[in-house]
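Numbers restart at 1 for each chain; the letters A, B, ... are given by sequence-line order, proteins then strands.
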Amino acid sequence: MPLPAESEMVRLLANPEGCQKIFPVIVDQYSQPLYWKIRSIVLSHDDADDVLQNTFMKAWKNLPTFQGKSKISTWLFRIAINEALDFLRHQKSMIQTSSDAEPGIANRLLADEYFDGDRGQAVLQEAIATLPDVQRTVFTLRYYDELKYSEISKILGTSEGALKASYHIAVQKITDYVRKHQ
Amino acid sequence: MDSEQNIQSKYGNRRPFKAPAGYFDNLSQRIMSQLPINNEIPSANNTSIDMDCFKMSSSRYSMIRRFRPLAIAAVAIGIVLASFWTLSNLLLKHNPSSLPSVADRSTENTDAVQDGFEQAADYIMIDEDDMYAYLEGE
């Protein structure tokens, strides 16, 4: 089913019958882009799958609060990124309470059957993972998805100037990290 | 930006991840099957039920939002009252002035024994002195 116009989708989402009709179309349209954004943050396929499911669950539950002030894609991306970052925070707190040593991210990725890169790519992902949440998200959306700063600004609710600064700092940190760990 | 161009020229900007084969083929169906959605084709009756449930859930949500500050205030007051009650009970229990001392307790025992003798003496109508003398003899 071709994707209806944004205004038509918002109109359908405003009532329960329309929700049931259009939500499967939205899931079909946005599940892949959401998956890859989530995957860039959580790194593992299984975790990305879980977070993606949680994202659509949260979107479905919060449909009554969606007022159409932003695009549906922007709204979904925001939920997905928040869910992915919440997942990471929860994971970090579990690791801190665990007595087992956490293997390096690069080594973990190289051992992952769904990682499609070499050692350099693994170190790059490790460098990205060391960034604070906002820098990591901005870098991922700008570098891999090539989103404009105006689009990222709407997703994260941060000014374009702050995003540009975040991205610049992220690039510097990644460059230094990769140089040190290659 | 030179640093960005260096990273791009070295690593490219394709995500180095892959998904399991066929993962995306039924992804949307799998996601929809796990959502709390009524999969029946909506009839006129079902439509009205669904609408009521949808309205109830949205009105319940706004009610919860309206009463949340009151609920939070009530819980906070409850916690303060419970803490005050527990603390005052603990202080009462461990207040030395409320506990009888050993000397007081022995004095109370002696008084009790004497009262007992007096009652007994009254009952059997004999002198206390005679009774004490009798007990000393034992």
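With values rounded to the nearest 0.5 angstrom, S28(B) atom OG is found 10.5 Å from Q29(A) atom CD. Within the model, atoms OH of Y11(B) and CD1 of I174(A) stand 10.0 Å from one another, a figure rounded to the nearest 0.5 Å. For the atom pair CG of L35(B) and CD of Q53(A), the computed distance is 6.0 Å after rounding to the nearest 0.5 Å. Of the inter-residue distances, the one linking L124(A) atom CG with I7(B) atom CD1 reads 6.5 Å to the nearest 0.5 angstrom.
Looking at F24(B), only its side chain comes within 4.5 Å of chain A, counting heavy atoms on both sides. Within the 4.5 angstrom heavy-atom criterion, atoms from both the backbone and the side chain of D49(A) approach chain B. Residue Q8(B) touches chain A through both its backbone and its side chain, counting heavy-atom pairs closer than 4.5 Å. For I26(A), no part sits under 4.5 Å from any heavy atom of chain B, backbone or side chain. Neither the backbone nor the side chain of Y30(A) comes within contact range of chain B; no heavy atom of the residue lies under 4.5 Å from a heavy atom of that chain. Contact of E113(A) with chain B is made through the backbone alone, with heavy-atom distances under 4.5 Å. Heavy atoms of L27(B) lying under 4.5 Å from chain A belong exclusively to its side chain.
One finds a salt bridge joining D145(A) and R15(B) here, because a Lys/Arg side-chain nitrogen approaches an Asp/Glu carboxylate oxygen to under 4.0 Å.
Within 6.0 Å of the NZ atom in K58(A), the count of heavy atoms belonging to other residues, nucleotides or ligands does not exceed 12. For K71(A), the NZ atom sits in a loose shell: 12 or fewer heavy atoms of surrounding residues, nucleotides or ligands are nearer than 6.0 Å.
Pairing each heavy atom of E4(B) with each of V171(A), the nearest pair is N-CG1, 3.6 Å. Here the closest heavy-atom approach between residue K18(B) and residue R39(A) is recorded as O-NH1, 2.9 Å. Residue F17(B) comes nearest to L43(A) through the heavy atom pair CZ-CD2, 3.6 Å, listed as atom of the first residue, atom of the second, then distance. Here the shortest heavy-atom pairing between Y144(A) and P16(B) reads OH-CD, 4.2 Å.
Counting heavy atoms from C-beta outward, F56(A) and M32(B) have side chains that stay 4.5 Å or more apart. Here the side chains of N6(B) and T175(A) are not in contact, with every heavy-atom distance at 4.5 Å or above.
V178(A) and I169(A) are members of different hydrophobic clusters when ILVMFWY side chains are connected at heavy-atom separations under 4.5 Å. Hydrophobic clustering keeps Y114(A) apart from L34(A) (ILVMFWY residues linked when any side-chain heavy atoms are closer than 4.5 Å, directly or through intermediates). M57(A) and I79(A) fall within a single hydrophobic cluster, where Ile, Leu, Val, Met, Phe, Trp and Tyr side chains are chained together by heavy-atom contacts under 4.5 Å.
Annotation: maximal heavy-atom pairing with chain A below 4.5 Å, among A19(B), P20(B), G12(B), occurs at P20(B).
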